Structure formats: structure tokens, C-alpha cells
Amino acid sequence: MNPATSPGRPELAGRSGRPVRFAVVGCGNIARTHAAALARLRELGDVELAAFVDVLPERALALGAQHGGPARTWAETLADDAVDAVTICTPSWTHAELALAALAAGKHVVVEKPMDADLEAARRLRDAARASDRVLAVISQHRFDPATEDAARILAEGGLGTLVLVEARVPWWRPQSYYDADPWRGTLAGDGGGALINQAIHTVDLMLALAGPVASVQAIATTRVHRIEVEDVIVASLRFASGALGTLSATTASAPGFPARLSLAGDGGALAIEGDALVLDERADGSRGAVAVPRLDAVAVAAGGSRSVSGAGAGAAAGRASGTGLAWGDAHERQLADAVAAIRGGVAPRSGGGEGYAALELVDAIYRAAREGRAIDLAP
């Protein structure tokens, strides 16, 4: 179906040259990042902030006042043909339900990771988007980091030769207060799991983007430190469809928290992404690519109290002030710009329902392997 001529649907934003009009749905922590990124795109004339929606009206009013947009109810937002797209920043278990309602109302959808806490709900969302003429983008902002794009180019050019080993680790820290902040945090029903689905899913997504699909997994998980019903430590062994082997480890119990790292090794060379930077690019022929090693002296404190390192090893203020590289929110801005381009062009976004579902499907397989104590095969 041609998105530009679908009967009974609002005209695609951008076809008439006007900005894409977004509603921010859920006005908690991550919504601030989305709103700020959308506000920067508004400065370029690409976006308007049409509505802010939250079950707590005061939160919608506050974020709307900060960014110059009205607070609306969810029902008003769905019924308003002046709203082209929604970005869903609500708890994980609500993602698919809200996104499905938005698609049915003719809205384009950007949804935070994971697509949902439940794999079947995510499958319904993926399939509904495929049958729709609307765009569905799933936040996987690290796909838009320059380091990831450089690594993808190296792999596409055959720079690593035959891939043999993949190592992914996410040694992060979250204090108990992070889980205590909301009643759904750290619960199976609300979060869908622990460190893997909530913190490591970005690294899972990058691993799939760069190393290809996984054929089978084995795993073990435990809760070592936190008072939660889901895991705060998990380790998996992986066999990729290519024949490469890999490991994945994730935790929110490693104080004070360290950068995530994804390493890929082949018979022609190796590369590694740490934080948001390409920190290793070595080739068997002796050549070496340019790498940007993170500055570990510049440390940011994330919302949950986790130490993290950006592409330049700095947080938002330090990164921009020093001019050393990406700041927090820059990659979100790049992904939201990609969603706007997809909406305007009637094409698929770089990270859509298929990519979001694949990451969640692997996460689900790892959890099943840990629960059942056996290898789980994934469909090719």
C-alpha cells in the first residue's frame, strides 16, 4: 500500500513540506531524552511537539511547559489527526498495547526498547506494523553511533575475515533505589526480566546487527545483590548461524559500573566497541584503523546511579563542552531523525519492528535456556 495515498488516513507529514507532529507518551526519565532530541529537530524545522501524555497529568504539564507543547490525554491524542506520530516512553509492559492502539489510529510509532516485556505482544506489534502503512521504529540508538557504523563498514568490507568469536559484556551497576523507584521495576510482569532485557538489550541488538543471527543458546542466571524477582547477573554462550561462537554477560550488580563492550574477532583481524567508541581495530595484515579511546577520567552518572562512558568518555555536558564526541541524547536524535526521514519518504526505518523483535526473541531464548537448563535453538 502506498502510504502517501492511503484512503482515510491523514496526509503523510513531510509530503506537504510540513514538520512531523509528535506526541510524547509517558513523561518519565527517558521521555526527557526523547523530548530534548525532538526539540533539537524542531529547530531544524523537521518536527513539532504536538502533545505530552502521561497518566500523571502533572508530569505531562511539566515536560510540556519545558519544551513548549500542550498536555493531552491519550484518548485526545489518538483522535487528533493533527498528531502524526507518537514516541512511547512508558513502562515496558505497556509498549505493545499503546503502539498497537496508535497504529490503529493512523499514527506512526517510535517505541522505546524493548518492544514489550512479552514476546507474543511484541510479535503482534511487529505483524501489525508490517500490515500497516505506518512507520514503526524501535529505539536502538546505538546503531546510530559512529563507532557502530564504522564497525559495520569494516565487517562489510571483509576486514575481519571469517568471524570466529564474539564477546559481549555489560558490567553495570544499579542501586536498590533504582528498583524501588517504581513498583513494576525488577518484576517479571512489569520489566519482563532484569539486567538482560532492560540494560543489555542494546548490546544484544548491536551484536545481532554486526555478527548476524544466533542459532542456539545456553545460559545461567541468578540474583546476587538486589531485592528483585528477576536476575541481576546472567551469562550465555552462543552459537551464531555463521558458525562463530560467542559469550554474553550482563549484570546490574557490578559497582561502580563500567562501559559495555562488544568484541568481534576473525582470522583477518579484530575490533571492539566500548561504551560508544571504537577502541580496537587491528588487522592481520598489520594495518590498524583510527580508534577513539574513551577518556575514563570523564565519568557520567546515569539516572539509575550507574557509571557510564560515552563515545568520548563524557556525559552530556562534558561531551559537548569539550567537543570530544557524542553526548547522551545525540544518538537518540539521530534515530529520531531517521524515523522522520522514514515517515516522509514512506520507507522502512533503520531499526524497525523486525530488528526490535529479533533482539527480544534472542533475549527470550536466553531466559528460557536459563530456566530450563538446556540449549535453546532459534528458528533460522
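We count residues from 1, following the sequence as given. All heavy atoms count here, side chains included; hydrogens, waters and symmetry mates do not. Note that this is a predicted model, so its numbers are computed, not measured.
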Is there a path of hydrophobic side-chain contacts, each under 4.5 Å between heavy atoms of I, L, V, M, F, W or Y residues, that connects V235 with V230?
no
Does the side chain of T33 pick up a donor-acceptor pair with the side chain of W328 at under 3.5 Å?
yes
Indicate, with yes or no, if V83 and L61 share a hydrophobic cluster defined by side-chain heavy-atom contacts under 4.5 Å among Ile, Leu, Val, Met, Phe, Trp and Tyr.
no
Any side-chain heavy-atom pair of V111 and T87 under 4.5 Å:
no
So, do T251 and E231 sit near enough that their side-chain heavy atoms are less than 4.5 Å apart?
no
May I have the step-by-step check of side chain to side chain donor-acceptor pair (under 3.5 Å) for Y178 and R185, ending in yes or no?
CA-CA 8 Å; Y178 167 84; R185 289 188 187 272; 3.1 Å; yes
Any chance you could lay out the side chain to side chain contact (heavy atoms under 4.5 Å, CB included) test for W172 and F258, step after step, and finish with the verdict?
CA-CA 6 Å; W172 286 6; F258 301 92; 5.9 Å; no
Report the C-alpha separation of D232 and V225 in whole Å, then their side-chain angles, then the decisive distance to 0.1 Å, and conclude whether the side chain to side chain contact (heavy atoms under 4.5 Å, CB included) test is met.
CA-CA 7 Å; D232 60 10; V225 172; 3.7 Å; yes
Any salt bridge between D46 and R42, counting N to O under 4.0 Å?
no
Check: D267 side chain, V164 main-chain N or O, donor-acceptor pair, under 3.5 Å
no
Keeping to residues at least two apart or across chains, list the ring pair (Phe, Tyr, Trp, His ring centres under 6.0 Å) pairs with something in residues 339-380.
none
Does a side-chain N-to-carboxylate-O contact under 4.0 Å join R18 and D84?
yes
Check step by step if side chain to side chain contact (heavy atoms under 4.5 Å, CB included) holds for V109 and R134.
CA-CA 8 Å; V109 175; R134 304 287 97 169; over 6 Å; no
Atom CH2 of W93 with >12 non-hydrogen neighbours under 6.0 angstrom
no
Taking side chain as C-beta onward, heavy atoms only, is L278 less than 4.5 Å from T148?
no
Residues D80, R72: salt bridge by 4.0 Å N-O rule:
yes
Inspect the contact between E120 and R123 and indicate whether a charged nitrogen and a carboxylate oxygen are less than 4.0 angstrom apart.
yes
Just do the side chain to side chain contact (heavy atoms under 4.5 Å, CB included) check on I139 and H332 with the steps written out, would you?
CA-CA 8 Å; I139 289 294; H332 279 84; 4.0 Å; yes
Within-4.5 Å side-chain heavy-atom neighbours: R374 and Q218:
no
How would you list, by chain and number, every residue that makes a salt bridge (Lys or Arg N to Asp or Glu O under 4.0 Å) with R334, sequence neighbours excluded?
E149
Kindly check if the number of other-residue, nucleotide or ligand heavy atoms within 6.0 Å of CZ (R368) is above 12?
yes
Please examine the side chains of Y179 and T187, heavy atoms only from C-beta on, and report whether any two atoms are closer than 4.5 Å.
no
Indicate whether any N or O donor in one side chain lies under 3.5 Å from an N or O acceptor in the other, for H95 and D116.
no
With no hydrogens and no angle check, just 3.5 Å: does a side-chain donor-acceptor pair link D145 and H142?
yes
Any side-chain heavy-atom pair of R143 and Q335 under 4.5 Å:
no
Between E361 and L119, is there a side-chain heavy-atom distance shorter than 4.5 Å?
yes
To the nearest 0.5 Å, tell me how far T247 OG1 sits from L238 CG.
7.0 Å
Would you sort out whether R130 and S132 count as a side chain to side chain donor-acceptor pair (under 3.5 Å), showing the intermediate values?
CA-CA 5 Å; R130 286 176 173 174; S132 171; over 6 Å; no
Looking only at heavy atoms, the pair that brings A200 and V170 closest together is CB-CG2, 3.8 Å
Should F52 and Q66 count as side-chain neighbours, where that means a heavy-atom distance under 4.5 Å?
no
